[in-house]
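Here's the structure we're looking at; comments come further down.
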Amino acid sequence: MSIDFESLKDKAVVAAQTGVTRAKELTETGVAKARELADTGVAKAKEMAEIGKLKVNNSSEQETIRKAYSDLGKLYYAERASAPEPAYADICQRITDALARISYNNERIADIKAAGHLTDDEVSAVEPEADEPCCGESQDEDKTEE
């Protein structure tokens with residue numbers, strides 16, 4: 001049996017060219033797929049950034065609403081606390097009671113400062129304890145209005 005080297009050489013060249021062509025196709029496909037994935041990633045990152053900005057904007061708007069509610073309540077209390085509508089009577093009374101307790105506490109602070117010859121600087125360094133409820137109320141009272 002004789003070996004036809006020319007035929008083998010031709011087959012090897014064809015196989016090599018086919019391999020190179022296939023490698024180029026795979027490379028081009030891989031590059032295209034990588035670009036597609038990168039573009040998708042960039043698009044997702046932009047979407048996530050926009051969502052983040054919108055959430056920050058929502059928080060800002062919620063703070064605007066909270067402040068407006070507070071201002072509205074202060075205005076109502078200033079104008080109507082002495083004769084509130086029945087639906088608002090309990091809330092107005094809680095505010096009135098809290099203001100009375102604050103006034104009492106401030107009088108006690110003044111008395112203690114005078115008796116102990118304390119300065120405002122010495123007193124301002126005193127921090128209220130976080131685990132005690134404010135203004136003589138229980139910690140659960142404020143949660144009923146939310």
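Values reported hereafter were calculated over all heavy atoms of this structure, with side chains retained and with hydrogens, waters and symmetry mates removed.
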### Other cluster members, Y88 - Ile/Leu/Val/Met/Phe/Trp/Tyr, side-chain contacts below 4.5 Å
Y76
### Task
Look up atom CG in N57 and atom CD in Q62, then write down how far apart they are to the nearest 0.5 Å.
11.0 Å
### Query
Can you name the closest pair of heavy atoms from R80 and E85 and give their distance?
NH2-CG, 3.6 Å
### Task
Look at the side-chain heavy atoms of Ile, Leu, Val, Met, Phe, Trp and Tyr, link any pair under 4.5 Å apart, and say whether I112 and Y104 land in one connected group.
no
#### Entry: Other cluster members, Y69 - Ile/Leu/Val/Met/Phe/Trp/Tyr, side-chain contacts below 4.5 Å
I65
### Query
With no hydrogens and no angle check, do the side chains of Q93 and D97 hold a donor and an acceptor under 3.5 Å apart?
yes
### Query
Tell me the side chain to side chain donor-acceptor pair (under 3.5 Å) pairs involving residues 32-41, sequence neighbours left out?
none
### Message
Ignoring hydrogens, what is the shortest heavy-atom contact between C92 and P84? Give both atom names and the distance.
### Response
SG-CB, 3.8 Å
### Message
So, using side chain to side chain donor-acceptor pair (under 3.5 Å) as the criterion, who are the partners of D121 when residues are at least two apart?
### Response
none
### Task
Determine yes or no for a side-chain-to-main-chain donor-acceptor pair under 3.5 angstrom, with S60 supplying the side chain and V56 the backbone.
no
### Summary
Distance col, row I109:CD1 vs E107:CD, nearest 0.5 angstrom, shows 10.5 Å
### Query
About how many Å separate NZ of K67 and NZ of K74, when rounded to the nearest 0.5 Å?
6.5 Å
### Query
Atom CG in D10, atom CD in E6: separation rounded to 0.5 Å?
6.0 Å
### Rounded distance (nearest 0.5 Å) linking atom NZ of K55 with atom CG of N58
9.0 Å
### Task
Return the set of residues passing side chain to side chain donor-acceptor pair (under 3.5 Å) with K113 (not counting sequence neighbours), or none when no residue passes.
D120
### Query
What's in the same ILVMFWY side-chain cluster as L37, cut-off under 4.5 Å, chained through other members?
none
### Task
Give a yes or no answer on whether the side chain of S70 reaches the backbone of R66 with a donor-acceptor pair at less than 3.5 Å.
no
#### Entry: Test item: T21 side-chain N/O and Q17 main-chain N/O as donor-acceptor pair under 3.5 Å
yes
### Nearest-0.5 Å distance, CD1 of residue I95 to CD1 of residue I102
10.5 Å
### Query
With a 4.5 Å limit on heavy-atom distance, are the side chains of Y77 and I91 in contact?
no
### Query
In this structure, are over 12 heavy atoms from other groups packed under 6.0 Å from E50 atom CD?
no
